[in-house]
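Hydrogens, waters and symmetry mates are skipped; everything else that's a heavy atom, side chains included, is used.
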Amino acid sequence: MKKTIIVPVDFSAASVNAVNYAADFALAINAGINLVHICSLPAVSEFPVGAEAFGNLINDAAEKIEQLKLGLQHKTSGKILIDTEVLQGTIITQLKEYCHNIQPALVIIGTHESTTLERIVFGSTTLSAISHLKYPLLVIPCGTRFTGIHKIGLACDLQQADLAEQVEEITYLFNEFHPQLHILHVSTKKHGMLSKEEIKMTESLRTLLKEENPVFHFIQDENIESSLITFSEKNNLDLLIVIPKKHGLLNSLLSKSYSKEIILTTHVPVMSIHE
């Protein structure tokens with residue numbers, strides 16, 4: 001079955017950048033692209049939005065998304081299948097349902113040049129885009145271009161019991177790009193010593209990813225987020241992967257305002273893969 005990439009768009013510069021990144025990514029892995037725009041009524045509005053005005057919004061969105069499609073077809077010389085969809089309703093609800101129907105290999109979204117993570121999708125969407133989508137989600141920093149995947153960082157707290165399912169979801173990355181794989185474990189413990197459980201998990205990961213010949217990096221730093229950003233940028237990673245747990249790394253990153261910098265500040269695309 002052909003892989004599909006879903007790209008939510010709001011026609012901003014950030015989302016168009018994500019669309020162009022997705023097109024080059026799709027060419028590299030022989031995937032199709034589904035562009036989706038969701039028209040939603042504002043939760044609070046000084047003036048009621050009539051049916052005619054809302055209909056005009058939908059028609060305008062349909063024209064814009066068709067123009068995006070034509071531009072991508074020209075850019076890719078018609079080498080990838082591109083579908084478009086304009087939906088109505090609550091953004092996250094519609095996006096979740098659309099993903100459920102399409103079963104994408106990946107969702108790609110763009111970050112706006114903003115200081116709040118709430119502007120990741122459509123300029124005003126909440127953290128729900130990351131915390132509720134169950135498909136691999138790739139966040140593209142504004143202005144980032146796709147130049148291949150040569151180096152991947154996998155951030156791991158060495159507490160996940162079994163990552164086989166998550167690794168299966170990104171196997172195509174290894175098969176298509178044959179990147180260097182760096183396993184990153186950041187410990188806030190001052191002594192930096194691994195526990196027996198962490199040593200066991202390290203060996204489990206080494207076995208699971210033996211075909212990728214991973215390099216392990218054990219970093220001692222009180223600021224997990226800053227150390228991951230520093231490593232990613234100093235080592236020119238093309239992709240940083242995080243596997244969130246309910247009480248794990250990504251949940252921590254998203255729940256602390258100062259920690260949002262890992263996605264907002266870094267110039268490295270970040271992919272989240274849920275348990």
Side-chain angles (χ1 to χ4, degrees), residues 2-27 31-45 48-76 78 80-114 116-144 146 263 269 271-272:
K2 191 178 183 69
K3 295 180 287 291
T4 300
I5 297 172
I6 290 177
V7 189
V9 295
D10 66 350
F11 311 114
S12 65
S15 71
V16 171
N17 180 71
V19 167
N20 287 319
Y21 184 102
D24 291 331
F25 194 99
L27 278 171
I33 290 181
N34 285 26
L35 305 178
V36 57
H37 176 79
I38 302 170
C39 292
S40 61
L41 289 171
V44 178
S45 178
V49 179
E52 182 178 353
F54 192 62
N56 290 337
L57 286 175
I58 294 171
N59 292 335
D60 182 58
E63 291 181 7
K64 288 181 177 178
I65 206 167
E66 185 62 24
Q67 287 300 312
L68 266 181
K69 176 181 177 179
L70 292 174
L72 284 189
Q73 288 176 330
H74 177 73
K75 171 185 173 70
T76 61
I80 59 175
L81 179 65
I82 304 169
D83 286 329
T84 63
E85 192 80 47
V86 175
L87 304 174
Q88 305 173 40
T90 305
I91 291 174
I92 295 302
T93 300
Q94 291 297 318
L95 186 55
K96 285 175 65 177
E97 183 176 345
Y98 188 71
C99 286
H100 177 74
N101 293 334
I102 300 298
Q103 299 287 305
L106 183 63
V107 178
I108 294 182
I109 60 178
T111 57
H112 291 249
E113 291 183 314
S114 170
T116 58
L117 196 55
E118 284 75 12
R119 296 184 64 82
I120 279 185
V121 187
F122 305 106
S124 60
T125 300
T126 65
L127 300 178
S128 298
I130 290 179
S131 60
H132 290 111
L133 291 184
K134 296 182 179 180
Y135 300 88
L137 182 67
L138 179 56
V139 182
I140 308 302
C142 193
T144 299
F146 178 81
I263 290 176
M271 178 185 288
S272 68

Sidechain-backbone polar pair: H37 side chain, V86 backbone, donor-acceptor under 3.5 Å: no
D10 versus S15, side-chain donor and acceptor atoms under 3.5 Å: yes
Residue pair C99 / L133: nearest heavy atoms and the distance that separates them: SG-CD2, 4.4 Å
Heavy-atom closest contact (L106 atom, L138 atom, distance): CD1-CB, 3.9 Å
Nearest atoms (heavy-atom pairs only) where Y135 meets P104: CD2-O, 3.6 Å
Close side-chain approach of V107 and P8, heavy atoms under 4.5 Å: yes
From OG1 (T4) to CG (L81), nearest 0.5 Å: 7.5 Å
T84/E66 under side chain to side chain contact (heavy atoms under 4.5 Å, CB included): CA gap, chis, key distance, verdict: CA-CA 7 Å; T84 63; E66 185 62 24; 4.3 Å; yes
Rounded distance (nearest 0.5 Å) linking atom NZ of K96 with atom NZ of K134: 7.0 Å
Point-to-point distance, once rounded to the nearest 0.5 Å, from CG of N59 to NZ of K64: 12.5 Å
Distance in Å, E97 CD paired with I102 CD1, rounded so as to fall on 0.5 Å steps: 11.0 Å
Shortest non-hydrogen contact between L72 and I33, atoms and distance: CD1-CD1, 4.4 Å
Nearest-0.5 Å distance, CG of residue N20 to CD1 of residue I140: 11.5 Å
I82 side chain near Q73 side chain, heavy-atom distance below 4.5 Å: yes
Gap separating the CD1 atom of I58 from the CD atom of Q88, nearest 0.5 angstrom: 3.5 Å
Side chain to side chain, P141 and P269, heavy atoms closer than 4.5 Å: yes
Closest approach of I65 to F11 (non-hydrogen atoms, all atoms of both residues): N-CE2, 3.6 Å
Atom of V36, atom of I6 and distance for their closest heavy-atom approach: CG1-CG2, 3.8 Å
Of all pairs that satisfy salt bridge (charged side-chain N to carboxylate O under 4.0 Å, His left out), the ones with a partner from residues 16-26, not counting sequence neighbours: D24-K75
